[in-house]
Q: 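Just dropping this structure here.
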Amino acid sequence: MSASVLSKFSRVRVLVVGDLVADHYLYGQTERVSREAPVLVVRHERDEVKLGGAANCAANVRSLGGRVTALGVLGDDAMGRALRKSFGAAGIEVAAVGGRGVHTETKTRVLAGGVNTSRQQMLRIDRGVTGSLPPAVRRALAGRLARELAKTDVAVVSDYGAGVLCPETLAALRRHAISGGTVCVDSRFGLANFEGFTVCKPNAPELAAYTGLPVSTDAELLVAGRVALDRLACKVLLVTLGRRGLAVFEPRRAPTLVPAWGPDEVVDVTGAGDTVNAAFALALGAGARPDDAARLANVAGGLVVQKQGTATVSSAELRRALGS
């Protein structure tokens, strides 16, 4: 089953809708404690910009072999230009909207260490939109979204709370889902906004916050998952559980618990949810059942947490891990 699903990834057209984030890494060497304040002085070595947030989800779709368009907002600034360059290098089509008042969402991470030590994250600085996007930008987003949805097999929502998932885009996505389109949702802060969509993918803390129920044990998880499935009125609820793996809930079917794949030692969980979302959506688009899609996505997630920083998983890596 895995081999046949993977072979169809290249035919699946995916639209990733969400907050395109520049993951900006600033690497340096710690030299001494400053005389100005009790802080370390870091000697800058190099910078790196990676596709983050919804952009990372799109990068994972492309790395896994899918055809992908990324829709969101990008500012006419250095980080926006860096993301456009990275999109082009990765073979990702961009349907980004700009305009006055739009700044590229950026997360700058300072990683530093001694001469003979690995670089560790010391600080993160977030920049970007702090309120709602301007009305003209929201209308432009909704119009572009409607056009892109008409030529996609699967839409993936990657909501990091930076404004792209506004009332206008939510309405367009809801119309698409109601008309039979497949929309897979990963929302960091606004799960309640996506009732009636095809797939919702909270992690354990998000599920607990949405339902108000504990999820520490499998028994608690099964209760909370059923409550969320009914309340969200979605066709599939996919819950990521970290070291506990995944859980899949569907109406009128017994839940499926998928144990975590890979070694216990995790290197970095940055962007792991994007990888799972991308792999799951591609597998659905390729015709897999939700439980089989979840098993495949579970392996993809297990692979990506073994990598440092914002990363992707290739179709070759996934094929080897699945033994196909």
Side-chain angles (χ1 to χ4, degrees), residues 12-23 51-64 66-77 79-99 101-106 128-129 132-177 179 181-188 190 193-194 197-199 201 271 273-274 277-278 280-282 284-285 312:
V12 181
R13 298 168 300 175
V14 179
L15 175 65
V16 176
V17 184
D19 302 301
L20 307 176
V21 178
D23 275 346
L51 298 169
N56 181 47
C57 184
N60 272 277
V61 172
R62 186 71 192 112
S63 180
L64 288 166
R67 298 156 59 188
V68 61
T69 298
L71 189 149
V73 297
L74 289 175
D76 184 17
D77 48 30
M79 288 300 160
R81 291 188 288 273
L83 285 190
R84 287 184 182 278
K85 183 177 179 180
S86 296
F87 279 131
I92 299 168
E93 292 188 24
V94 184
V97 172
V102 171
H103 304 280
T104 304
E105 190 72 17
T106 303
V129 177
S132 299
L133 292 169
V137 174
R138 299 202 305 267
R139 289 193 297 270
L141 272 172
R144 188 65 187 267
L145 174 57
R147 294 193 295 274
E148 294 296 335
L149 284 171
K151 51 186 179 180
T152 191
D153 297 313
V154 182
V156 177
V157 172
S158 185
D159 177 19
Y160 279 77
V164 170
L165 277 304
C166 56
E168 292 84 350
T169 53
L170 282 170
L173 287 163
R174 180 164 283 108
R175 286 193 296 269
H176 185 68
S179 67
T182 300
V183 183
C184 301
V185 176
D186 185 4
S187 178
R188 180 71 60 88
N193 294 324
F194 297 94
F197 282 66
T198 317
V199 179
K201 191 202 74 61
D274 297 320
N277 206 16
F280 186 80
L282 270 173
L284 282 186
T312 61

Q: So, R67 and D153, do they make that salt bridge, N to O below 4.0 Å?
A: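 Here R67 does not pair with D153 in a salt bridge, since their nearest N and O are not under 4.0 Å apart.
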Q: Can you find a side-chain donor-acceptor pair between D274 and Y160 that sits under 3.5 Å?
A: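 The answer is yes; a qualifying pair exists.
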Q: For residues 86-99, which side-chain donor-acceptor pairs fall under 3.5 Å, sequence neighbours excluded?
A:
unit_1: S86; atom_1: OG; unit_2: A82; atom_2: O; d: 3.1

Q: Please name the pair of heavy atoms, one in L284 and one in C184, separated by the smallest distance, quoted to 0.1 Å.
A: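 Minimum heavy-atom separation between L284 and C184: CD1-SG, 4.0 Å.
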Q: List in chain and number order the residues that pass side-chain hydrogen bond (donor to acceptor under 3.5 Å, both in side chains) with R147, two or more places apart in sequence or in another chain; answer none if no residue qualifies.
A: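 For R147, no residue satisfies side-chain hydrogen bond (donor to acceptor under 3.5 Å, both in side chains) once neighbours in sequence are set aside.
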Q: Taking T312 as the fixed residue, which of V61, L64, N60 is the one that meets the side chain to side chain contact (heavy atoms under 4.5 Å, CB included) rule?
A: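 Per the side chain to side chain contact (heavy atoms under 4.5 Å, CB included) rule, the option paired with T312 is N60, out of V61, L64, N60.
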Q: R144 side chain to E148 main-chain N or O, any donor-acceptor pair under 3.5 Å?
A: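 Here the side-chain-to-backbone pair does not exist.
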Q: What distance separates L165 CG from D159 CG, expressed to the nearest 0.5 Å?
A: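 Rounded to the nearest 0.5 Å, the CG-CG separation comes to 4.0 Å.
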Q: At what distance, to the nearest 0.5 angstrom, does SG of C57 lie from CG of D19?
A: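 Answer for the SG-CG pair, C57 versus D19, is 12.0 Å.
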Q: Can you tell me if S187 uses its side chain to pair, donor with acceptor, with the backbone of G190 under 3.5 Å?
A: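 A pair under 3.5 Å: yes.
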Q: Is any side-chain heavy atom of V102 less than 4.5 Å from a side-chain heavy atom of L74?
A: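 No, their side chains stay 4.5 Å or more apart.
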Q: Do you know which two heavy atoms are closest between A155 and L149, and how far apart they sit?
A: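 Closest pair (atom of A155, atom of L149, distance): CB-CD2, 3.8 Å.
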Q: Can you name the one residue among V14, T198, V156 that meets side chain to side chain contact (heavy atoms under 4.5 Å, CB included) with T182?
A: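 For T182, the side chain to side chain contact (heavy atoms under 4.5 Å, CB included) check succeeds only for T198.
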Q: I'd like to know if the side chain of D77 pairs up with that of T104 as donor and acceptor (distance under 3.5 Å, no hydrogens or angles considered).
A: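 Result is yes, a qualifying pair exists.
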Q: Could you give the side-chain donor-acceptor pairs of residues 168-177 under 3.5 Å, partners two or more places apart or in another chain?
A:
unit_1: E168; atom_1: OE1; unit_2: R138; atom_2: NE; d: 3.2
unit_1: E168; atom_1: OE2; unit_2: R138; atom_2: NE; d: 3.3
unit_1: T169; atom_1: OG1; unit_2: V164; atom_2: O; d: 2.7
unit_1: T169; atom_1: OG1; unit_2: C166; atom_2: N; d: 3.0
unit_1: T169; atom_1: OG1; unit_2: C166; atom_2: O; d: 3.1
unit_1: R174; atom_1: NH2; unit_2: N193; atom_2: O; d: 2.8
unit_1: R174; atom_1: NH2; unit_2: E195; atom_2: O; d: 3.4

Q: What closest approach, in Å, do L282 and G66 show between heavy atoms, and which atom pair accounts for it?
A: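 L282 and G66 have their closest heavy atoms at CD2-CA, 3.8 Å.
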Q: Taking all heavy atoms of S158 and all of A54, pick out the closest pair and write down the distance.
A: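 Heavy atoms only, the tightest pair is OG-CA, 3.4 Å.
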Q: Minimum heavy-atom separation for G163 and L133, please, with both atom names.
A: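 Closest approach of G163 to L133, heavy atoms only: O-CD1, 3.4 Å.
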Q: Do R81 and D76 make a side-chain contact, defined as non-hydrogen atoms from C-beta onward lying under 4.5 Å apart?
A: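 Result yes, sub-4.5 Å side-chain heavy-atom pair found.
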Q: Is there side-chain contact between L71 and V16, with heavy atoms separated by less than 4.5 Å?
A: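 Of all side-chain heavy-atom pairs linking V16 with L71, none is under 4.5 Å.
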Q: Does some side-chain heavy atom of V199 sit less than 4.5 Å from a side-chain heavy atom of V183?
A: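 Not in contact.
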Q: Provide the closest heavy-atom pair for A59 versus L51 in the form atom of the first, atom of the second, distance.
A: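 Scanning both residues, the minimum pair turns out to be CB-CD1, 3.9 Å.
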Q: Can you check whether G273's main-chain N or O pairs, donor with acceptor, with N277's side chain at less than 3.5 Å?
A: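 No, the answer is negative, given that no donor and acceptor are paired below the 3.5 Å cut-off.
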Q: Would you say V21 and N56 make side-chain contact, with heavy atoms under 4.5 Å?
A: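 They are not in side-chain contact.
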Q: Could you walk me through whether L145 and L15 pass the side chain to side chain contact (heavy atoms under 4.5 Å, CB included) check?
A: CA-CA 9 Å; L145 174 57; L15 175 65; 3.7 Å; yes
Q: What is the distance from atom CE of M79 to atom CG of D23, rounded to the nearest 0.5 Å?
A: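 It comes to 10.5 Å.
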